[in-house]
Amino acid sequence: MKRRQFLQCGALNALAWLTPTVSAKKTASMAFELTAKPGKIHIVGPDFPATDVWGFNAQVPGVPIRIKLGQSLDATIHNALEVPTAVHWHGIRLPNAMDGVAGLTQAAIQPGDSFRYQFVPPDAGTYWYHSHVNAYEQVGRGLYGPLIIEEAAPPKVDRDLVWMIDDWRLRDDASIANDFGAGHDRSHAGRIGNVPTVNGRFRDIIKVRTGERIRLRLINASNARNFALSFGDLTPTVIAMDGQAVTPFATKEPIVIGAAGRVDLILDMSGDPGSKTSVVDSFYREPFDLTKFVYEENPLRESALQSSIDLPPPNIPEPDLQNALVQEVTIAGGAMGGLRRAKFNGEWVGLREIAQQGYVWALNNVVGNRLDMPPLMDVKKGRSIRLTIRNETAFPHPMHLHGHHMKLLSINGQGLSEARWLDSPLILPKQTMEFAFVADNPGKWLFHCHALEHHAAGLGALVNIT
Ligand code: C2O
Ligand code: CU
């Protein structure tokens with residue numbers, strides 16, 4: 001089924017609320033028990049069959065995990081799937097052994113087995129968790145959930161909403177197309193679906209009230225789809241990116257969120273009672289309505305709240321730019337990329353031969369096809385790194401560094417008015433971004449494209465910090 005067909009079913013779920021309402025099974029000590037298992041969810045509404053998914057506690061998105069800054073995250077994952085899995089806590093600066101990368105930081109959790117993750121997240125903000133075993137299939141089937149670390153004193157809002165945005169490749173009967181890791185997706189834009197969803201629902205609506213102030217936490221859980229969201233008459237104020245506070249700025253420009261990225265917005269709902277506002281995506285050629293705000297008849301207040309929306313500034317060590325190790329990384333390969341040969345298992349091999357084994361991308365001419373390969377960077381703990389990433393390909397790449405946030409210093413040589421701390425920057429075709437960070441977290445960390453098919457096709461490397 002094509003997206004357009006779904007888009008015509010405008011009245012789907014017209015009365016449903018969009019908030020994830022299922023709360024975690026918790027004990028008094030806030031320990032979370034998550035079981036990865038098959039489930040059924042209604043993605044495209046009652047006129048279509050339910051979709052078979054894999055979810056944490058059989059839900060998509062999985063159980064929301066919400067704790068306060070300073071609290072320990074304690075989550076036991078039970079694997080009730082027929083395949084191994086593991087959970088990565090995306091964007092959290094955590095101890096390496098808790099990072100959830102099967103084959104690198106832990107053994108995969110076998111069917112029937114469990115694994116307990118325990119760590120204290122050092123930063124407040126909007127994060128997420130997801131499977132890190134065959135992620136291009138497991139995340140694509142729904143194995144992800146929101147991870148919110150609340151500030152000690154969060155800004156005052158009427159509602160704190162989480163939208164996990166995703167897109168699905170569904171067939172006519174609303175079942176998931178099982179062509180995960182298809183060659184075309186690996187070498188082009190990744191798995192782009194035909195059904196974009198918010199919290200697992202296609203074209204749902206959100207009821208709001210005039211005057212209401214909403215903190216909207218956007219989390220892009222797509223395999224590869226990037227979003228650029230506009231909010232109609234509303235002017236969102238960005239307060240955080242990839243979990244880290246920015247100086248709040250109001251903007252009418254579409255809010256770009258690459259795969260795996262997060263953006264926190266403040267929305268003051270200024271529409272008239274009874275009116276509607278569409279949230280429209282325009283990242284790709286054809287814009288579409290992602291979801292809709294529908295105002296209730298009775299306003300909440302006459303004019304917008306005036307209280308402060310500043311978040312505490314990021315609390316991440318400042319890199320020492322003068323004495324930093326300078327590292328350049330070039331992304332090459334893919335369709336229309338012009339890469340002719342690359343190092344594959346330590347030897348120079350022609351791309352055609354590499355592609356026959358499913359790999360088409362390289363970082364600094366090295367195909368990242370295994371977790372036991374020599375690291376791209378091998379540095380002493382505490383060293384500052386100045387990292388320039390050059391995208392010489394025809395596709396955007398959301399590049400994720402595990403265990404750290406990177407300070408974005410410049411784009412195409414242009415400095416930013418304010419540096420930003422990101423863990424999954426989206427680097428557009430032919431774009432160059434310069435970052436700096438302190439390699440302060442020891443361990444072997446993945447650095448990879450979060451277009452999950454790209455990672456599976458070799459767009460990944462290791463950073464070793466000792
Ligand atoms: Cu979201 Cu390697 O992870
Ligand atoms: Cu990529």
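Whatever order the structure lists ligands and atoms in, that order sets their numbers, starting from 1.
The shortest non-hydrogen separation linking Ala86 to Val133 is N-CG2, 3.6 Å.
For the pair NE2 of His402 and NE2 of His448, the angle at atom 2 (Cu) of ligand 1 is about 100°; rounding is to 10 degrees.
At a threshold of 2.8 Å, atom 2 (Cu) of ligand 1 has no backbone or side-chain N, O or S atom of His400 nearer than that distance. Taking backbone and side chain together, His88 holds no N, O or S atom under 2.8 Å from atom 2 (Cu) of ligand 1. Within the 2.8 Å limit, His397 places at least one N, O or S atom next to the Cu ion (ligand 2). Under 2.8 Å from the Cu ion (ligand 2) lies an N/O/S atom of His454, whether from backbone or side chain.
Counting just the N/O/S atoms of His90, the one with the shortest distance to atom 1 (Cu) of ligand 1 is named ND1. Restricting His130 to its N/O/S atoms, the shortest distance to atom 1 (Cu) of ligand 1 is reached by NE2. Restricting His450 to its N, O or S atoms, the one at the least distance from atom 1 (Cu) of ligand 1 is NE2.
Checked against a 6.0 Å centroid threshold, the rings of His188 and Phe395 count as neighbours. Between Phe115 and Tyr117, a ring centre-to-centre spacing shorter than 6.0 Å is recorded.
Interatomic distance, CD1 of Ile192 versus CD of Glu453, reported as 8.0 Å (0.5 Å rounding).
Ring planes of His402 and His400: tilted class, angle from 30 to 60°.
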* **Chi angles and distances behind the salt bridge (Lys or Arg N to Asp or Glu O under 4.0 Å) call for Asp423, Arg262** => CA-CA 9 Å; Asp423 59 57; Arg262 288 90 60 214; 2.7 Å; yes
